[in-house]
Protein chains: 2
Amino acid sequence: MKDVRTHVGEVLALFREHGELSRTDVIEISGLSRSTVNQRLASLHSAGLIEEIGGGESTGGRPSSRFALNRRRAVLLTADIGATGFVAAVCDLGGTPLRHVSELVDVWDGPHRVLGAVGAALTELLGDEEVWGIGIGVPGPVEFAAGRVVNPPIMTGWDRFDIVGWFADYGVPVVVENDANSRAVAEARPHRHDNLISLKLGTGIGSGLVFNGQIIRGSEGAAGDIGHTRAAVPDAANPLPCRCGNVGCVEAYAGGWALIRDLEAAGVHVDNVAEVVSLVKLGNIEAVRLVRQAGRVLGDAVADLVSILNPEMIVVSGQLADCDEVLLSGVRERVYQRSQPLATRNLAIRVSQLGEFAGVTGLALITADQLFSTDRIDELFESLGEPPVSAVQ
Amino acid sequence: MKDVRTHVGEVLALFREHGELSRTDVIEISGLSRSTVNQRLASLHSAGLIEEIGGGESTGGRPSSRFALNRRRAVLLTADIGATGFVAAVCDLGGTPLRHVSELVDVWDGPHRVLGAVGAALTELLGDEEVWGIGIGVPGPVEFAAGRVVNPPIMTGWDRFDIVGWFADYGVPVVVENDANSRAVAEARPHRHDNLISLKLGTGIGSGLVFNGQIIRGSEGAAGDIGHTRAAVPDAANPLPCRCGNVGCVEAYAGGWALIRDLEAAGVHVDNVAEVVSLVKLGNIEAVRLVRQAGRVLGDAVADLVSILNPEMIVVSGQLADCDEVLLSGVRERVYQRSQPLATRNLAIRVSQLGEFAGVTGLALITADQLFSTDRIDELFESLGEPPVSAVQ
DNA sequence: CAACTTTTGTGTTGCAATAAATCAAAAGTG
DNA sequence: CACTTTTGATTTATTGCAACACAAAAGTTG
């Protein structure tokens with residue numbers, strides 16, 4: 001047998017997509033011959049990229065041994081940086097967070113301070129595992145290919161900062177992605193949703209779009225900005241001012257900061273979005289009324305989004321998502337009222353189950369995508385230092 | 001030399017993408033060896049898929065011979081069916097319409113009548129060229145994989161009709177695509193725009209979305225329906241009724257039928273959208289006022305679209321596009337006023353230069369995509385009946 | 001429980017596609 | 001007109017893949 005390292009990537013991709021597979025499964029799915037499949041599996045196995053799973057059921061003959069991606073072969077370091085804090089996590093190669101930590105730090109403190117804290121947290125979290133990739137999520141537009149933030153509206157001091165370079169010491173691929181986009185991937189991929197919108201409702205309102213199974217980033221990485229589209233409100237003649245400088249944005253009516261503003265105006269003191277959610281859960285009449293109203297404004301915006309993009313699912317995450325049906329009922333009401341029947345027929349609108357892990361999970365998946373891409377898989381194989389399977393026995 | 005038919009597709013794809021290439025160009029772009037490139041080029045050449053172009057400039061040594069896709073090797077039959085008529089065209093393999101004809105026929109007459117007329121027109125247009133593919137554009141949601149219309153709002157009698165089967169006699173691949181989508185491809189592909197929105201302004205308002213270089217069809221093929229999103233109008237308390245049954249849609253304010261309605265109400269008699277455009281060109285004050293107003297309503301909707309999708313270009317086509325700046329100025333005004341600076345920085349908004357050919361050009365491109373896809377290229381090669389290049393000389 | 005069937009796992013051989021190397025041809029250059 | 005440069009054609013070697021054969025590990029059956 002000669003050196004068989006080429007094209008192992010496509011077989012590895014099958015395991016990433018399908019999970020557990022027997023040799024025969026791989027043969028059927030890939031269309032490759034038994035010899036070739038065995039060679040490649042041997043190659044992947046000796047590199048530790050796949051592992052044998054017990055419990056092969058017999059279907060009348062010899063039971064098959066089943067293989068799966070060896071998720072513990074190495075780890076991916078991820079950090080989902082938000083406006084006021086970050087979640088850092090060590091994830092396995094399948095995207096599952098193994099250990100994590102949350103910290104409070106303002107993005108306005110600039111990249112040195114924030115990335116310093118992120119780096120320290122990741123070092124703290126990391127055990128003796130090999131690190132194969134790093135994924136950083138940021139709350140701003142990203143030039144994905146270059147791995148940096150460009151013209152961010154809120155991330156002062158981050159413009160074109162070399163985030164990839166900051167983690168160069170690890171000597172592994174570093175990907176930088178918008179936080180809403182990474183959430184969207186985390187929601188879409190495991191359930192094989194090819195057309196999905198992820199809404200993040202926190203202090204502000206953002207969204208991540210996955211269509212045709214890919215992230216829609218737009219031409220400048222600025223796509224998904226639903227928060228600053230026009231709100232549909234009866235009093236359109238006197239639109240409320242938004243923090244973006246414009247007036248009448250959805251965020252100015254349904255964003256977390258707008259709810260705080262309105263509660264204060266109604267004489268209810270709240271310091272942050274979490275307290276708004278608490279009040280709603282306690283049944284505070286004013287808070288519930290405002291959140292319901294916000295749901296309807298948001299619903300009108302989402303209805304347009306549904307008409308334009310025709311997603312199969314809308315997943316809501318962020319702090320306000322904890323309001324559950326108080327918020328969602330208004331969204332559903334408007335969406336099913338306004339969007340075309342065809343677009344809503346198979347549409348599901350629900351709250352994310354991933355919680356604070358959504359960001360880091362998505363980042364791990366995106367990082368793994370890069371790591372195991374056909375372009376880079378050979379490079380990875382090389383760096384494993386495994387002697388290639390050789391002709392000499 | 002042995003049979004070399006496999007993987008010619010990837011080399012052919014290079015010619016489709018880059019146009020004219022020398023052997024050395026192909027070697028550099030593909031990373032293949034000289035022998036392999038020569039084999040594949042010989043294979044493609046003998047099948048007539050590429051042709052030699054004269055005029056190889058010398059750069060100090062022997063001048064290179066240049067090759068390009070042989071666009072005249074066969075033709076693609078295309079028909080862009082609109083609500084009240086169709087454009088049928090014979091296109092070359094590069095997507096250029098060679099001969100065409102327009103006919104008036106209502107889609108409401110049903111598929112048998114319309115496709116009958118389309119088929120007759122195509123037969124009339126076809127010379128002695130080989131036909132390699134057929135592309136049909138329709139004004140409704142399409143289940144692309146199945147090649148049929150599903151749950152169309154306006155195409156009565158077309159639901160799930162087997163359009164592919166209608167053209168089965170030709171024995172070639174048939175693709176069915178939404179008309180706005182095919183236009184978008186025609187605008188995007190030749191200029192290598194990966195993130196583009198095509199707006200079609202006729203009696204109604206539709207749009208085609210190309211992002212990441214792919215058509216966004218949505219989960220039911222219903223994406224792009226910007227005409228029935230909410231209009232931003234001061235008098236939001238009394239929204240105008242739309243023909244879709246809802247109220248306050250963009251189309252109810254800026255659609256061709258709405259302009260006719262408003263002109264009639266103002267005492268100006270018009271029969272169709274073409275007459276509205278004529279009045280605008282003649283400088284009719286009322287018509288110009290209404291079209292300007294429509295531009296602003298449309299602009300507000302487009303501004304939201306820009307915030308959400310961050311395209312690099314918006315191309316306007318359809319009958320109303322002939323109003324040029326009278327319409328576009330309002331669109332630009334609102335877009336640059338409302339959308340985030342980052343999203344508008346490199347945004348171009350312009351009128352399509354393709355005119356009535358946009359639909360059929362896009363259809364030809366999409367059909368060629370299918371025809372030359374890696375899945376189907378071998379099949380095509382087989383059917384050419386060309387004896388494969390053999391070892392015997 | 002032993003013979004048979006079925007399916008999986010392993011090793012060998014041959015083939016076909018690609019790459020490397022060599023040589024010939026067609027230009028420009030001084 | 002020799003020399004250089006680049007392209008084009010041909011031969012040879014390599015390597016990845018598939019087909020085949022056989023061994024192993026189960027279930028099945030009399």
Side-chain angles (χ1 to χ4, degrees), chain A residues 1-12 14 20-46 50-68 374 377-378 381 387-393, chain B residues 1-12 14 20-46 50-67 374 377-378 381-382 387-393:
Chain A
M1 231 191 299
K2 302 292 174 62
D3 180 357
V4 272
R5 287 184 306 184
T6 44
H7 297 156
V8 287
E10 61 189 71
V11 174
L12 188 61
L14 295 181
E20 206 169 302
L21 294 170
S22 70
R23 288 178 148 93
T24 317
D25 292 337
V26 176
I27 290 166
E28 281 172 4
I29 299 172
S30 67
L32 294 166
S33 73
R34 195 132 78 140
S35 341
T36 308
V37 167
N38 279 335
Q39 277 190 338
R40 293 189 185 176
L41 289 183
S43 204
L44 287 167
H45 192 81
S46 78
I50 57 172
E51 58 183 350
E52 197 169 339
I53 310 278
E57 295 286 299
S58 166
T59 57
R62 176 172 173 174
S64 59
S65 46
R66 303 181 68 76
F67 299 88
T374 44
I377 185 72
D378 287 346
F381 239 79
V389 182
S390 131
V392 192
Q393 297 194 15
Chain B
M1 230 190 299
K2 304 291 174 61
D3 181 359
V4 272
R5 288 184 304 183
T6 44
H7 297 156
V8 286
E10 59 189 70
V11 174
L12 189 60
L14 295 181
E20 206 169 302
L21 293 171
S22 70
R23 289 177 147 93
T24 316
D25 292 336
V26 176
I27 291 167
E28 280 172 4
I29 299 172
S30 67
L32 295 166
S33 73
R34 194 134 78 144
S35 343
T36 309
V37 167
N38 278 335
Q39 276 191 340
R40 292 190 186 175
L41 289 183
S43 206
L44 286 167
H45 192 81
S46 77
I50 57 172
E51 58 183 350
E52 199 168 339
I53 310 278
E57 295 286 297
S58 166
T59 57
R62 175 173 173 173
S64 61
S65 46
R66 303 180 69 75
F67 299 89
T374 44
I377 186 71
D378 287 346
F381 239 79
E382 206 77 29
V389 182
S390 131
V392 192
Q393 295 192 17

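Proteins come first, then strands; the chains are lettered A, B, ... in the order of their sequence lines, and each starts at number 1.
- Here C:dT8 is the nucleotide among C:dT18, C:dG11, C:dT8 with the atom lying nearest to any side-chain atom of A:S64.
- When distances run from any side-chain atom of B:T24 to the nucleotides D:dT7, D:dC17, C:dT8, the shortest one goes to D:dT7.
- Computed from coordinates, the A:Q39 CD to D:dA18 P distance equals 10 Å when rounded to whole Å.
- Nearest heavy atoms, B:V26 versus B:V37: CG1-CG1, 3.7 Å.
- Atom P of nucleotide D:dA19 and atom CG of A:L32 are separated by 11 Å, given to the nearest angstrom.
- Computed from coordinates, the A:R66 CZ to C:dT7 P distance equals 16 Å when rounded to whole Å.
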**Q.** Derivation of the side chain to side chain donor-acceptor pair (under 3.5 Å) call for B:S35 and B:N38
**A.** CA-CA 5 Å; B:S35 343; B:N38 278 335; over 6 Å; no
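- In this structure, the CG atom of B:L41 is 13 Å from the C1' atom of D:dA9, given to the nearest Å.
- Across the protein-nucleic acid pair, A:N38 atom CG and C:dG11 atom P stand 10 Å apart, rounded to whole Å.
- The side chain of A:R34 has C:dG9 as its nearest neighbour among D:dA25, C:dG9, D:dA9.
- Taking all atoms of both residues into account, the shortest heavy-atom contact from A:L21 to A:I29 is CD2-CD1, 3.9 Å.
- Look at B:R23 and you'll find a side-chain N or O under 4.0 angstrom from OP1 or OP2 of D:dA9.
- In this model, the phosphate group of C:dA20 is not approached by any side-chain N or O of B:S35 to a distance below 4.0 Å at OP1 or OP2.
- The phosphate of C:dT18 (OP1 or OP2) has a side-chain N or O of B:R40 nearer than 4.0 angstrom.
- When the side-chain nitrogen and oxygen atoms of A:T36 are compared with OP1 and OP2 of D:dG16, none of them lie within a distance under 4.0 Å.
- For the pair B:T374 and B:I377, the tightest heavy-atom approach, listed with the atom from each and the gap, is O-CG2, 3.6 Å.
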